[in-house]
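Starting from 1, each residue takes its place in the sequence as its number.
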Amino acid sequence: SGVFVGAYDQSGHLAGYSLTDLDVFSGKRVTTDGTFEIRGLQEGAYYVRTVALFMAINLLTELTSFVDSFENLDIMSLLFGGGLTGLSFDLTMYKDMWYPEVPATITISLDELLFQASAYGRPHETDNAITPIFLPLPFYEAIPKNAQPILVSNNAATDVKFVLAEGDVSDLVTGVHESKTTESLNFVLNQNYPNPFNPATTLSFSLGRAENVRITLYDILGKQIRMLTDQIYLPGNHSLIWDGKNNRGELCSAGVYIASVSTGTARRTIRLLLMK
C-alpha cells in the first residue's frame, strides 16, 4: 500500500497519478490488495511507472503526533538512517519499475529534501492528506527505450500490472548528478540571479549549437505554473526574466519553485526561492 503509480505523456511529463490502496485526495485507504486507479487521462498513449518511496507516507502519517513532540527531528534519518534509540520501524521497500519490466529510480538531493522539510515543515490542509512531508514528486521523467506505452480510451479501462521485488532505498533513489556526455556539455544552465528574489529573477543558459529550449516552472509539489519559453535558440548565451507570475498572469505566493530546462539532448533543473 502507498506505492506511487504515475502516467507520463509522450514528452515525459506527469499526466496523472495514484497511490495503491489509497485515495490521493483524502489519504484514506480504499482497498487492501495493492490496486490503483488513475483517473482523468485524455485519450492517448502513456508510460506508467511505480515509485515505492511513497510507501513512507503510511509510516509518516502514524508518526505525525510523535514528531510534533520533538524539535529539530531529522525525519529522513529516522526513516532511512540510524533513527532514534530504542525505536525501530519496519519499512519494506520495493524496486521500482516502468511498465512492463524496466528498472526505474528517481533522482533526488537528500540535502534539498531536508532543507525543504526544515524550512517549510510538513504540508498543511489538503496537501498534508497526501504527504505529511515534501517527498520528491517525479513530475518529469526520461522515458526509457524499453518502456511500453499504454493506450488509453475513454470507452474502457486498461489494466496495468506490476510485480515488484523487495529492495532498499539504494534501489529507489540516486543522488543528483550531471551527465558529462559530449551532448550535455554543449548546454550550460546557470543558477538564477538574484536568488532569493522579489519580484523578478533572471534565468540564463548557453548553447554550443542551435537547439529547441523549453523552460517550464513548477511549484514544489510538481504542478506546472508557467511555460516560460519553448522555441529554438542559436548557439551562445541567452537569458530570460521570470516576473514571478503564473500562466494566468497572477503573482505566485512565496516559496520554492523548480525551473526545468530541457533541450533535445539534455535536461537541467534549478531551485528558485521567491520571497515576499
Side-chain angles (χ1 to χ4, degrees), residues 1-31 33-54 57 96-102 104-107 123 126-127 129-131 134-164 212-232 245-250 252 257-264 267 269:
S1 295
V3 174
F4 172 97
V5 185
Y8 295 81
D9 62 21
Q10 301 292 306
S11 67
H13 288 83
L14 185 65
Y17 71 94
S18 180
L19 294 170
T20 57
D21 289 339
L22 302 176
D23 175 28
V24 296
F25 297 104
S26 67
K28 296 180 179 179
R29 183 183 296 271
V30 291
T31 56
D33 56 358
T35 58
F36 63 92
E37 183 177 8
I38 301 177
R39 295 175 174 269
L41 296 177
Q42 297 180 354
E43 286 189 316
Y46 298 89
Y47 296 89
V48 186
R49 66 155 295 173
T50 64
V51 183
L53 180 62
F54 278 70
I57 295 172
D96 291 325
M97 187 181 301
W98 285 93
Y99 180 80
E101 296 182 354
V102 182
T105 57
I106 57 175
T107 302
T126 303
D127 293 336
I130 302 175
T131 58
F134 292 107
L135 290 173
L137 185 65
F139 56 86
Y140 174 85
E141 292 282 84
I143 307 298
K145 293 181 180 179
N146 295 333
Q148 178 178 318
I150 302 297
L151 297 179
V152 173
S153 170
N154 289 336
N155 299 322
T158 302
D159 288 336
V160 178
K161 297 181 180 180
F162 292 97
V163 178
L164 305 179
N212 190 87
V213 177
R214 172 184 290 184
I215 301 180
T216 312
L217 297 170
Y218 300 87
D219 63 20
I220 200 60
L221 292 178
K223 179 181 179 181
Q224 180 179 322
I225 61 168
R226 180 79 176 268
M227 175 67 73
L228 202 58
T229 187
D230 186 5
Q231 65 182 59
I232 294 177
K245 296 180 180 180
N246 60 24
N247 284 327
R248 298 187 297 273
E250 303 166 341
C252 296
Y257 294 88
I258 301 168
S260 174
V261 185
S262 60
T263 69
R267 183 177 71 92
T269 60

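Among the candidates Asp230, Thr229, Thr263, the single residue satisfying the side-chain hydrogen bond (donor to acceptor under 3.5 Å, both in side chains) test with Asn212 is Asp230.
Across all their heavy atoms, Ala52 and Asp96 have their closest contact at N-OD1, 2.6 Å. Across all their heavy atoms, Thr269 and Ser260 have their closest contact at CG2-CA, 4.1 Å. Minimum heavy-atom separation, Arg29 to Leu22: CA-CD2, 3.6 Å.
The side chain to side chain contact (heavy atoms under 4.5 Å, CB included) search around Ala259 returns Leu203, Leu217, Ile270, Leu272, not counting sequence neighbours. Residues that satisfy the ring-ring contact (aromatic ring centres under 6.0 Å, His included) test with Tyr99, not counting sequence neighbours, are absent from this structure. Scored by the side chain to side chain donor-acceptor pair (under 3.5 Å) test, Thr158 finds no partners at all (sequence neighbours excluded). Every residue two or more places apart in sequence or in another chain was checked for a ring-ring contact (aromatic ring centres under 6.0 Å, His included) with Tyr47, and none qualifies. Taking Asp33 as the reference, Asp21, Thr31, Thr35 meet the side chain to side chain contact (heavy atoms under 4.5 Å, CB included) condition, with sequence neighbours excluded. For Ser11, the side chain to side chain donor-acceptor pair (under 3.5 Å) partners are Asp9, His13, not counting sequence neighbours. In this structure Glu250 satisfies the side chain to side chain donor-acceptor pair (under 3.5 Å) test together with Asn246, Arg248, sequence neighbours excluded. Judged as a side chain to side chain contact (heavy atoms under 4.5 Å, CB included), and not counting sequence neighbours, Ala142 has no contacts. Taking the side chain to side chain contact (heavy atoms under 4.5 Å, CB included) definition, one finds that Ser18 meets it with Phe36, Ile38, sequence neighbours left out. Take Glu37 and apply the side chain to side chain donor-acceptor pair (under 3.5 Å) test, not counting sequence neighbours, and it matches Arg39.
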Starting from the C-alpha separation in whole Å, work towards a yes-or-no answer on side-chain contact (heavy atoms from CB on, under 4.5 Å) for Val5 and Phe162. CA-CA 10 Å; Val5 185; Phe162 292 97; 4.3 Å; yes

As a quick check of understanding, evaluate side-chain contact (heavy atoms from CB on, under 4.5 Å) for Val152 and Glu43, giving each step before the final call. CA-CA 5 Å; Val152 173; Glu43 286 189 316; 5.7 Å; no

When you look at Tyr257 and Asp219, which way does the side-chain contact (heavy atoms from CB on, under 4.5 Å) test go after all the steps? CA-CA 5 Å; Tyr257 294 88; Asp219 63 20; 4.1 Å; yes

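The backbone N or O of Met97 lies less than 3.5 Å from a partner atom in the side chain of Thr50, making a donor-acceptor pair.
Of the inter-residue distances, the one linking Leu151 atom CG with Tyr46 atom OH reads 10.5 Å to the nearest 0.5 angstrom. In this structure, OG1 on Thr20 lies 9.0 Å from CG on Leu164, to the nearest 0.5 angstrom. Rounded to the nearest 0.5 angstrom, Arg267 CZ and Glu141 CD are separated by 7.5 Å. With values rounded to the nearest 0.5 angstrom, Leu14 atom CG is found 11.5 Å from Gln224 atom CD. For the atom pair CD (Gln231) and CD1 (Ile215), the distance works out to 9.5 Å, reported to the nearest 0.5 Å. Put simply, CD on Glu101 and CG on Asn146 are 11.0 Å apart, with the number rounded to the nearest 0.5 Å.
More than 12 heavy-atom neighbours from other residues, nucleotides or ligands sit within 6.0 angstrom of CD on Gln148.
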